[in-house]
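Worksheet: one structure, shown below.
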There are 2 protein chains.
Amino acid sequence: MPQRNAVAVRTPPPGGRKRAVAKRPVLARAGGARRGDATRQIILDAAEQCLAAGDFDGVSLRTISEAAGVDIALVNYHFGSKESLVEEVTERRAREVHDARVLLLEEARHAAGTVPPGVEAVVTAFLEPWLQRISSGDAGWQNYNRLLCRLTMMPKYLPLVRKLLDPTALHFINALRAALPKASPESIYWGYMFLIGALVQIMAGTGRIEQLSRGLCSTDDTNTAMREIVPFVCQGLRALERTGAEARR
Amino acid sequence: MPQRNAVAVRTPPPGGRKRAVAKRPVLARAGGARRGDATRQIILDAAEQCLAAGDFDGVSLRTISEAAGVDIALVNYHFGSKESLVEEVTERRAREVHDARVLLLEEARHAAGTVPPGVEAVVTAFLEPWLQRISSGDAGWQNYNRLLCRLTMMPKYLPLVRKLLDPTALHFINALRAALPKASPESIYWGYMFLIGALVQIMAGTGRIEQLSRGLCSTDDTNTAMREIVPFVCQGLRALERTGAEARR
DNA sequence: CTTTATTTTCATCATTCGTTTAATTAAATT
DNA sequence: AATTTAATTAAACGAATGATGAAAATAAAG
């Protein structure tokens, strides 16, 4: 009677299963960098690129590992799971943008003196760090911004979005409240969502404005984008003061 | 020698394959409704609901067919493929919104007399049909609007989005151009994207504004949403006239 | 060099996916 | 009633997914 698994080259799977504990490194030595850190960065960059280009959950680990030029098993070895990989990709750059935004706002506060910074200053402090990092030509930042925009539209990732963006959001909502004292608290929240919406729409990289305008406009033209979005949002936000006033009779 | 497929209850797959032609109905009799039309509607409704709640490509046909209470094979029988199902779900309500929007704009044109309708009238004609259909309490429209918002963020579905929304977009971009004669053509495109962005952000149903405002605001409150978004967008659009003027020195 | 810990590779796992086939039931037509 | 057509059901298919196991390779430590 011939053996059944004639195609099996290697050893067959063990009958009695061994331990199922995690075998990844625990912490490693305190000071220095780990040996596989370079691989981690390569995978993170490739994941960033693939997630920004494709349709997020539709992007497989194999696509990412092939783009990175590493074995697929390394992804799970270094990051544990696909979910953790997505988390690390997004959290990697989040703090830098947050800090840059807050710093710009602090500078505006200092420049304004005793009165709170105006709408223009707040909006600029919020938008500038994003758009600047895109126009810098760094493909990584371009990919990051695109994938973050998509992320905010997916209910499944709402907890992650909160962790990434809630500090920034609440910080600038407060600043907007101070800049628009006559607007109601509700109006400020609505205005912030409209601001995010305008930003996301031109940053998600769907190619829609390029098609609609038949090449006349491009989201890659961040200078123009900045010149258009700032007045739009600022004027829109100022209108909220009237909305609140009307609502209060 | 015992047979190899002892677990097979039914007949094994045929060795020589027969024809591989499509077996779906061709056209059926001219006038009346088909026998399976009720099933089609049930599947479409279930798909609409599932796609709006979940993360689109992450929603499986099995989830949809279970929600509809029908066999999974019926989905492919009636729609041919998942892609076609998504197309039918989205196209089902697209025309109605488009017609309502254009009708409202025509009424505004008539009311305005010789001059073109103003920004407020154009924006209202664009936004009102959407928001009205949500506040109507029809869960189907709520689901449709949410899933369409998500769809516009996915590059993979850009061709479908174009087919669904390009007529409306170009129609209202023209109207905006007439309402804002001093704004540059580029600015109009940017402004339209910002308008879409604000709308999408409050319609996608991510629950973000509810969390940020800790329940103070809700996207289900369409009356408030309408009262906030219209002044915001209108004032924002008017700012584009200045942008263009400044850019032209 | 020897030993130890970490990283990489190869092979395979169990699931789930969209889709298809063949048989069965129901309805419409003759 | 007999025949033809459409709709529904049950079962399985091949492909792809995220994840894991156990060796092999590599570097570090003694």
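Lettering follows sequence order; numbering is per chain, from 1. From a predicted model like this one, the values you see are computed outputs, not experimental measurements.
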(request) For B:Asp71 and D:dA10, give me the distance from atom CG to atom C1', rounded to whole Å. (result) 7 Å
(message) It should be established whether B:Thr39 places a side-chain nitrogen or oxygen under 4.0 Å from OP1 or OP2 of nucleotide D:dA7.
(response) no
(request) Quickly work out the B:Ile64 CD1 to C:dT16 P distance and round it to whole Å. (result) 17 Å
(request) Please tell me which of the listed nucleotides, D:dA6, C:dT8, D:dT17, lies nearest to the side chain of B:Tyr77? (result) D:dA6
(message) Could you tell me how far apart A:Leu74 (CG) and D:dT20 (P) are, to the nearest whole angstrom?
(response) 15 Å
(message) Has B:Ser84 got a side-chain atom pairing as donor or acceptor with B:Gly80's backbone, closer than 3.5 angstrom?
(response) no
(request) Return the value, rounded to whole Å, for the distance between atom CZ of A:Phe56 and atom P of D:dG18. (result) 13 Å
(message) How many whole angstroms separate atom CG of A:Leu51 from atom C1' of D:dG18?
(response) 14 Å
(message) With a 4.0 Å cutoff (strictly under), does any side-chain N or O of A:Ser60 reach OP1 or OP2 of D:dA16?
(response) no
(message) Check this for me: does the side-chain of B:Arg35 come within 3.5 Å of the base of D:dA7 through a donor and an acceptor?
(response) no
(message) Quick check for you: among D:dG18, C:dT20, D:dA12, whose closest atom lies nearest to any side-chain atom of A:Leu61?
(response) D:dG18
(request) Examine D:dA19: is either OP1 or OP2 under 4.0 Å from a nitrogen or oxygen in the side chain of A:Asn76? Give yes or no. (result) yes
(message) I need the CG-P distance between B:Asp55 and C:dC17, as an integer number of Å.
(response) 14 Å
(message) I'd like to know if A:Lys156 and B:Asp57 make a salt bridge, using a cut-off of under 4.0 Å between side-chain N and carboxylate O.
(response) no
(request) Please check if the distance between the ring centroids of B:Phe56 and B:Tyr157 is under 6.0 Å. (result) yes
(message) Please determine whether a side-chain nitrogen or oxygen atom of A:His78 lies at a distance below 4.0 Å from atom OP1 or OP2 of C:dT6.
(response) no
(message) So if I take every side-chain heavy atom of B:Ser81 and compare against C:dT19, D:dT8, D:dA19, which nucleotide ends up nearest?
(response) C:dT19
(request) Write down the distance between CZ (A:Arg62) and P (C:dT9), rounded to a whole number of angstrom. (result) 16 Å
(request) Would you kindly compare B:Gly69 and A:Ile72 by the position of their nearest DNA chain D nucleotide and give the one closer to the 5′ end? (result) B:Gly69
(message) Ring of A:Tyr144, cation from A:Arg92 - is the NZ or CZ under 6.0 Å from the centre and inside 45° of the axis?
(response) no
(request) May I ask you to say whether B:Glu128 pairs ionically with B:Arg101, meaning some side-chain N is under 4.0 Å from a carboxylate O? (result) no
(request) Check every atom of D:dG21, D:dA10, C:dC17 against the side chain of A:Ala73 and return the nucleotide holding the closest atom. (result) D:dG21
(request) Would you mind reading off the distance between A:Asp57 atom CG and C:dC17 atom P, rounded to a whole angstrom? (result) 13 Å
